[in-house]
There are 4 protein chains.
Amino acid sequence: MPKLGMQPIRRKQLIHATLEAVDQVGMGDASISMIARLAGVSNGIIAHYFQDKNGLLEATMRHLMKALNQAVRTRREQLADDSPRAHLKAIIEGNFDDSQVNGPAMKTWLAFWAFSMHQPSLHRLQRINDHRLYSNLCCEFRRVLPLEKARSAARGMAALIDGLWLRGALAGDDFDIEQALQLADDYLDQLLANR
Amino acid sequence: MPKLGMQPIRRKQLIHATLEAVDQVGMGDASISMIARLAGVSNGIIAHYFQDKNGLLEATMRHLMKALNQAVRTRREQLADDSPRAHLKAIIEGNFDDSQVNGPAMKTWLAFWAFSMHQPSLHRLQRINDHRLYSNLCCEFRRVLPLEKARSAARGMAALIDGLWLRGALAGDDFDIEQALQLADDYLDQLLANR
Amino acid sequence: MPKLGMQPIRRKQLIHATLEAVDQVGMGDASISMIARLAGVSNGIIAHYFQDKNGLLEATMRHLMKALNQAVRTRREQLADDSPRAHLKAIIEGNFDDSQVNGPAMKTWLAFWAFSMHQPSLHRLQRINDHRLYSNLCCEFRRVLPLEKARSAARGMAALIDGLWLRGALAGDDFDIEQALQLADDYLDQLLANR
Amino acid sequence: MPKLGMQPIRRKQLIHATLEAVDQVGMGDASISMIARLAGVSNGIIAHYFQDKNGLLEATMRHLMKALNQAVRTRREQLADDSPRAHLKAIIEGNFDDSQVNGPAMKTWLAFWAFSMHQPSLHRLQRINDHRLYSNLCCEFRRVLPLEKARSAARGMAALIDGLWLRGALAGDDFDIEQALQLADDYLDQLLANR
DNA sequence: GATGAATGAGTGTTCATTCAT
DNA sequence: CATGAATGAACACTCATTCAT
């Protein structure tokens with residue numbers, strides 16, 4: 001008798017096992033059987049739920065992206081203040097959400113960046129994600145800056161956010177999130193001041 | 001004695017073949033035999049000159065780092081103007097040198113970032129490289145800013161440079177270097193203005 | 001579930017293929033793929049059941065040791081006469097059992113002796129096996145000889161058995177088992193006479 | 001200018017390096033380049049003096065056999081007493097000469113036994129060596145025993161010698177040579193008493 | 001006489017994938 | 001739904017051998 005509704009449970013199990021595996025040994029050495037072992041299921045099950053390894057990796061990336069979007073959206077929805085500045089801060093902070101700055105997530109993002117350069121389906125996801133950050137920022141800057149200035153500000157802020165995140169990820173345990181937020185905040189002030 | 005002085009020639013050959021291979025198929029699929037084929041030599045020669053695959057990858061990373069340092073140093077040495085601002089601009093521009101923004105180099109850097117998270121010897125190299133950028137920037141900022149402000153500025157600028165580079169690399173052919181330099185320059189102005 | 005209970009079948013298959021391979025080309029040239037071919041299975045299956053080549057070799061050695069112990073035990077259990085002499089003869093004869101004097105077994109034992117000098121896990125097995133022969137002999141000698149004489153007799157008899165076996169193995173097809181048993185028997189008479 | 005008379009020097013160097021290599025890692029892992037390194041010469045030199053690896057191994061085996069024969073002959077020549085008993089003791093003792101019971105020699109003999117089963121040229125050498133021990137013993141026994149008894153005694157004594165040596169070699173550092181000689185001596189007494 | 005660069009076949013091992021149960 | 005047995009290609013690496021110098 002088939003257990004009903006196993007699909008979402010198994011998928012979550014396997015995606016988390018993938019993150020854990022990448023955290024432990026890197027994406028290159030995260031084999032199907034290791035992931036299956038971490039998830040406590042058999043090898044074959046991955047084909048059942050994700051077709052093949054690429055399917056699992058793509059699903060894992062979508063999971064991270066969804067978590068990022070969720071982190072940003074939640075912060076923006078809970079805003080008392082509807083000012084551009086408040087929204088921009090929320091976007092910045094969302095990018096340094098717990099779901100994005102833990103070991104497994106950081107290592108997996110790094111691995112995906114490299115991998116996506118040679119995998120069209122992942123590259124598309126990657127570009128969508130990059131564009132969403134820019135687009136979110138640009139929208140808000142647009143409320144207080146002329147178009148070209150807004151675009152420029154969005155490009156700069158997106159780069160600073162990613163750069164801070166990247167250097168933090170590479171630094172490992174020394175990632176000082178408060179400091180990163182402070183730097184982004186200072187930059188934001190300057191961008192907004194420069195009308 | 002056999003042909004003498006082949007070592008530096010072969011090493012260069014193989015490092016360039018590695019960059020080419022990573023550019024074509026990514027580091028995960030850049031096999032020893034593919035690299036050897038691209039270099040026009042036999043598989044076994046890699047062991048002869050680099051001990052093993054890791055040795056070759058590490059040498060390739062050192063090559064990229066050396067090129068980056070060289071690009072920065074050359075620009076600084078040729079400076080007519082010895083002002084902090086000029087030096088900082090030279091550092092920024094060095095990071096977007098041709099040796100760093102071509103396809104093979106960008107893909108290889110991305111791959112190394114991911115890989116270094118699980119390879120202590122590469123991680124060490126990575127940290128040295130990250131620190132050098134910060135350190136170079138900090139020195140120059142220090143000439144015009146108080147210590148804490150200089151540190152902050154260096155951290156911010158390092159992050160912006162890396163972020164611009166990263167987003168450019170992920171964008172692929174659409175990497176607009178002029179635009180990136182402009183954004184970094186604007187940020188630099190603001191940092192220097194904020195004494 | 002897939003075919004159940006394949007493990008013991010496959011393990012026997014592969015151990016016998018190993019003995020055959022060592023018989024045909026020696027342990028140095030008995031490659032995984034040759035063994036797999038002889039067993040009629042794929043290369044990869046060895047990892048599935050024995051982890052790696054060493055695991056297979058160790059299992060093969062255990063198989064030979066088990067056969068030897070079985071050959072001795074069976075003879076002793078079927079003894080009508082419970083005298084020390086009868087037991088000692090049974091031990092001697094067990095060491096020249098068909099399972100121990102055929103080509104594959106002899107060549108594999110020789111190879112293991114050499115190999116065990118550099119493989120701690122096999123060396124341990126080897127010592128256990130050596131000690132068991134001595135120990136079995138000593139127990140029986142002890143029933144009719146004082147301690148020191150029993151020990152001496154056991155050492156001598158163990159050496160003679162191994163020496164006869166060794167020279168027989170090296171002689172190849174000319175191994176005259178009857179002659180070997182006769183020599184061991186004569187030696188036994190002398191040891192027992194020397195109270 | 002070619003150095004004259006290098007051949008015997010280089011050959012000795014390489015044979016000793018081979019024994020050392022086999023002692024350290026076993027014959028399976030004693031590569032040409034390891035042997036060359038231990039000898040302090042280049043890889044290519046082995047082909048120069050021994051044609052190929054087999055040539056070197058065969059020469060090494062001949063070296064061990066020569067040392068064994070020398071050890072026996074020297075003892076017999078220095079005998080004051082020309083009795084069969086004295087000669088037999090000399091033969092026994094020669095087989096436990098320092099040149100035969102050190103680590104490198106023991107490990108190499110074991111490896112050769114295994115290897116010779118699949119290498120006709122080495123097998124021939126092996127049989128010559130085995131036969132020489134038997135033949136030497138038989139000659140002396142013949143002086144005091146009838147033909148069949150002499151043959152039997154020689155077979156038994158050869159087996160005991162080899163068996164004691166083998167069990168000693170497998171025991172490693174615990175090889176008690178005095179004990180082995182005592183056991184062989186006791187056996188000798190019994191064989192000579194049984195006219 | 002001696003070197004060490006270069007080869008390329010061969011090794012053990014790993015792994016994503018398939019499939020009968 | 002789920003298993004784990006089985007495959008076979010691919011991998012990094014080793015090595016005896018060759019040969020120009």
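A, B, ... follow the sequence lines: proteins, then strands. Residue 1 opens every chain. As the structure is a prediction and not an experimental result, all values here were calculated from the model.
B/Gln7 places its CD atom 10 Å from the P atom of E/dA6, with the value rounded to the nearest Å. Following rounding to the nearest Å, D/Asp29 (CG) and E/dT11 (C1') show an atom-to-atom distance of 12 Å. Straight-line distance from the CE atom of B/Met6 to the P atom of F/dT21: 11 Å, rounded to whole Å. The NZ atom of B/Lys53 sits 9 Å away from the P atom of F/dC11 (whole-angstrom rounding). At whole-Å resolution of the value, CD1 in B/Ile35 and C1' in F/dA10 are 15 Å apart. Rounded to whole angstrom, the span from the CE atom of C/Met34 across to the P atom of E/dA9 amounts to 21 Å. Spacing between atom CG of D/Leu14 and atom P of E/dG1 amounts to 13 Å, rounded to whole angstrom units.
Between C/Ser31 and B/His48, it is B/His48 whose nearest contact on DNA chain E lies nearer the 5' terminus. The residue among B/Tyr49 and C/Ala47 whose nearest nucleotide of DNA chain E is located toward the 5' end is B/Tyr49.
Among the nucleotides E/dG1, E/dT18, F/dA16, the one closest to any side-chain atom of D/Ile32 is F/dA16. The side chain of B/Asp52 approaches F/dC13 more closely than any other nucleotide in the set F/dC13, F/dA2, E/dG12. Distance from the side chain of B/Arg10 is smallest to E/dA6 among F/dA6, E/dA6, F/dT17.
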### Query
With Watson-Crick and G-U wobble geometry limited to distances under 3.5 Å, how should the secondary structure of DNA chain E be encoded in dot-bracket form, using | for bases paired to another strand and [ ] for crossing pairs?
.||||||||||||||||||||
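Contacts of B/Phe50 with the nucleic acid, taken as non-hydrogen atoms under 4.0 Å apart, are absent.
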Sequence neighbours excluded and cut-off under 3.5 Å, please list the side-chain donor-acceptor pairs for residues 24-42 of chain C, or say none.
from    : atom 1 : to      : atom 2 : distance (Å)
C/Ser31 : OG     : C/Ser33 : OG     : 3.3
C/Ser31 : OG     : C/Met34 : N      : 3.2

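Within residues 38-45 of chain A, the residues that place at least one heavy atom under 4.0 Å from DNA chain F are, in residue-number order, A/Val41, A/Ser42, A/Gly44, A/Ile45.
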